[in-house]
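I have placed the structure first, in the form of C-alpha cells, so that the comments after it can refer back to it.
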Amino acid sequence: MKQVDQLLKDITPRQIKGNPERRITGICFDSRKATPGSLFVAIKGTASDGHEYINMAIEKGSTVIVCQHLPSVCDPRVCYIVVDDSARALGLLSSSFYDHPSRQLSLTGVTGTNGKTTTATLLYRLFRAMGYSAGLFSTVANYINDETYEATHTTPDPVQLNHLLHQMVKAGCTHCFMEVSSHALDQKRVAGLSFKGGIFTNLTHDHLDYHKNFENYFKAKKSFFDMLGNEAFALSNADDKKGKEILKDCRALCRTYGLKNDADFKARLLESHFHGSLLQIDGTEVWVHLIGEFNAYNLLAIYASALLLGVNREETLRYLSTLKEVKGRFQRLQSSSGIIAIVDYAHTPDAVDNVLRTINRIRKGTEQVITVLGAGGNRDKTKRPVMAKVAVENSDRVILTSDNPRYENPEDILHDMEAGIPSSCQHKWATIVDRREAIRAACLMARPGDIILVAGKGHETYQEIQGVKHHFDDYEVLTEFLK
C-alpha cells in the first residue's frame, strides 16, 4: 500500500477534490480491474474514454480517481485528482508506486521500425552470457533473468511495466533491455522511466493506420530521444535518413554506428552465407551466426551499446560471435533434400526488401526463391501493395496468402496487395487464401537447393481470425511439409 499524497510528488495536479491523505492498494486504468482501495486513472484512448467508466471503478472499490475533468456528480467518499494528461500521469504514478525501479538498474530502450526485437533480445542474451543479471521486454517474450513472462504488447502498459521492473530489481537485475514501440511513446507508456541508453535502428513505412502520416510516426520515435537525460547515451544509425535528425535537441551523449557513412562505431560485412557472416567491427574480424546486412547493423548496435554500458571490448566481441538468431527473425531450417526455408517477421516493405536482398546476395543463382507473404488486417493498408511489389520483384515465385486477417475479409486484403504488382510480373505470383495451404504449395513447388521465405508472422504461434486466435506456427508447418 502507498500513501497517495506521496505519489503526487511526481505530478502537478490541476485540482484535488477530496482528501489525498489516504492509502491505495494498487493502480489500474481498466475499470474491470478495479479493486477495493485502488487508484483508477481515466484515460481517453483511441477506442474508448476511461472517464465514462469512473463510476464503475468506484463501484468496484476505487477510492482515488485521476482524471482530466471531473464527472458531473462527484462521490464524497472519493478523492478526485485532476491532471492535464492522465496517460502521462499513469506512467509517473506507476513508477512512483513501485519505488522508481528504472532508477535502480541500467535500462536501455530500442526503438525504430525494424530490428528492435533482435537488438533488444540479443543485448539481453549477451549480458546474460557475460554473467550479468538482466531483464528483457520484447515482442516475443519478457524475461527476468531466465524466467519467462508472456508478452501481450511490444511495450507493456505502465502498470505492468513498472511491476515487472520492480520484480527485476528484487531479482537482482543490474540491466534491462526494452523494445520501445511508437504506440507506447505516443500513449506515454514509458513516462516516468529513467533510461540509461536509447538505440535508434531505422525508420521506414509502418503503422500509418495509427499515426496517420510519416511525420507523426517520426515525432513519436523522436520523443524517446528527447526524454533522455544528460547521464544517458543515445545511439543512432548513421546510415538511416532520419539518423541525425532523431538526435536533434537530445541532451544525452550522442553516438552513431554505421556500415557506410562516417560513424563512431563502424562495421563491414565481408562475407555472408546461409550459416553465418564474417564482419569487421572497428577493425577486428568476427565470425557471427546471424545473416545479412540488416543483422550486421543489429550486431553493430549491440556491440556499441555494450561498450557504452561499460563492457570490455574484447569480451563483447567474443560473446557476440556466440549469439544465435531470435525466434522468427531470419530463422532457418533445411530439409534432407537441401531445400532451405526461412521464417521471418518481415511485415513492412523495407523489412521484406532487406530479407529478400540478403537471400539474393547469398544464393548461387540457379535456385528459385519462393516467397509466401501476407499482410495483417485492420492495420496500415497503404503498405500492402508496396510489400507485394517488393516481393514479386525480388522472388522467382510469390504466393500471396493470409497473415492475421483479424476482422477484415482476407480476400479484400489480398486484393489490396495484388494492386501493387507490376504487369511485367503477372506470371510470377498466385493467391492461396489459406496460409497452411500456401506454405504447403511452396514446399511442393521447391526443388533441392531452392529457398522458401515465409514472411510476416515470424515468432507468432497463432492466426487471428474474426477476434479468435487459432494455433498457427509458420516454423511448425514448414517442418511438417519439408519432411
For the pair Thr139 and Glu179, evaluate side chain to side chain donor-acceptor pair (under 3.5 Å) and give the outcome as yes or no after the intermediate values.
CA-CA 7 Å; Thr139 303; Glu179 289 187 57; 2.9 Å; yes
[Y] backbone acceptor or donor facing [X] side chain under 3.5 Å:
{"X": "Lys364", "Y": "Gly449", "answer": "no"}
{"X": "Lys116", "Y": "Gly112", "answer": "yes"}
{"X": "Glu408", "Y": "Asn378", "answer": "yes"}

Rounding to 0.5 Å, atoms CD (Glu285) and CG (Leu317) come to a distance of 12.0 Å
Interatomic spacing from CZ in Phe233 to CG in Leu253 - rounded to 0.5 Å: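 So the gap between those two atoms works out to 9.0 Å.
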So with a 6.0 Å cut-off around [atom1] of [X], is the heavy-atom count from everything else above 12?
{"X": "Phe481", "atom1": "CZ", "value": "yes"}
{"X": "Arg357", "atom1": "CZ", "value": "yes"}
{"X": "Arg318", "atom1": "CZ", "value": "yes"}
{"X": "Arg88", "atom1": "CZ", "value": "no"}
{"X": "Lys219", "atom1": "NZ", "value": "no"}
{"X": "Tyr143", "atom1": "OH", "value": "no"}
{"X": "Lys222", "atom1": "NZ", "value": "yes"}

- Anything under 30° is parallel, anything over 60° is perpendicular, the rest tilted; go ahead and classify Tyr132 against His175. perpendicular
Original post:
So, do Phe137 and Phe177 have ring centers that fall under 6.0 Å from each other?
Top reply: no
Margin query: Looking only at the aromatic ring of each residue, does the gap between the centers of Phe224 and Phe195 stay below 6.0 angstrom?
Written below: yes
- Does NZ or CZ of Lys457 fall inside the cone over Tyr462's six-membered ring, less than 6.0 Å from its centre and within 45° of the axis? yes
- Does the ring of Phe218 carry Lys242 above it, NZ/CZ under 6.0 angstrom from centre and within 45° of its axis? yes
| query | Can you check ring pair (Phe, Tyr, Trp, His ring centres under 6.0 Å) on His459 and Tyr345, steps first, answer last? | reply | CA-CA 7 Å; His459 65 281; Tyr345 191 53; 5.0 Å; yes
What's the verdict on side-chain contact (heavy atoms from CB on, under 4.5 Å) for Leu356 and Leu453, showing C-alpha distance, side-chain angles and the deciding distance? CA-CA 8 Å; Leu356 283 170; Leu453 169 65; 3.7 Å; yes
Closest heavy-atom pair and its distance - [X], [Y]:
{"X": "His51", "Y": "Asp49", "answer": "ND1-OD1, 2.8 Å"}
{"X": "Leu482", "Y": "Ala341", "answer": "CD1-CB, 3.7 Å"}
{"X": "Met178", "Y": "Ala120", "answer": "C-CB, 4.3 Å"}
{"X": "Arg384", "Y": "Asp416", "answer": "NH1-OD2, 2.8 Å"}
{"X": "Thr401", "Y": "Ile432", "answer": "OG1-O, 2.7 Å"}
{"X": "Ser106", "Y": "Leu309", "answer": "CB-CD2, 4.4 Å"}

Where do Ile340 and Phe274 land on the side-chain contact (heavy atoms from CB on, under 4.5 Å) test, with the steps shown first? CA-CA 9 Å; Ile340 294 170; Phe274 280 121; 3.7 Å; yes
I'd like to know if [X] and [Y] make a salt bridge, using a cut-off of under 4.0 Å between side-chain N and carboxylate O.
{"X": "Arg435", "Y": "Asp474", "value": "yes"}
{"X": "Glu367", "Y": "Arg363", "value": "yes"}
{"X": "Arg128", "Y": "Asp146", "value": "yes"}
{"X": "Lys188", "Y": "Asp85", "value": "yes"}
{"X": "Arg32", "Y": "Asp30", "value": "yes"}

Under the criterion side-chain contact (heavy atoms from CB on, under 4.5 Å), I'd like the reasoning laid out for Phe127 against Leu123: C-alpha separation, chi angles, the key distance, then a yes or no. CA-CA 6 Å; Phe127 274 70; Leu123 265 167; 4.1 Å; yes
- Audit row: Asn404, Glu460, side-chain contact (heavy atoms from CB on, under 4.5 Å) steps and yes/no: CA-CA 10 Å; Asn404 290 317; Glu460 293 177 352; 2.9 Å; yes
Taken in chain and number order and not counting sequence neighbours, the residues that satisfy side chain to side chain donor-acceptor pair (under 3.5 Å) with Asn394 are none
*asked:* Ser337: which residues meet the side chain to side chain donor-acceptor pair (under 3.5 Å) condition with it, sequence neighbours left out?
replied: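 Counting only residues at least two positions away or on another chain, Ser337 forms a side chain to side chain donor-acceptor pair (under 3.5 Å) with Ser335.
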Could you go through Arg329 and Thr117, starting from their C-alpha distance and side-chain angles, then the distance that decides it, and tell me whether this counts as side chain to side chain donor-acceptor pair (under 3.5 Å)?
CA-CA 9 Å; Arg329 269 65 180 177; Thr117 300; 3.1 Å; yes
Just checking, any donor-acceptor pair under 3.5 angstrom between side chains of Thr111 and Lys221?
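Side-chain D/A pair, Thr111 to Lys221: present.
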Do Asp450 and Gln368 meet the criterion of a side-chain donor-acceptor pair at a distance under 3.5 Å? yes
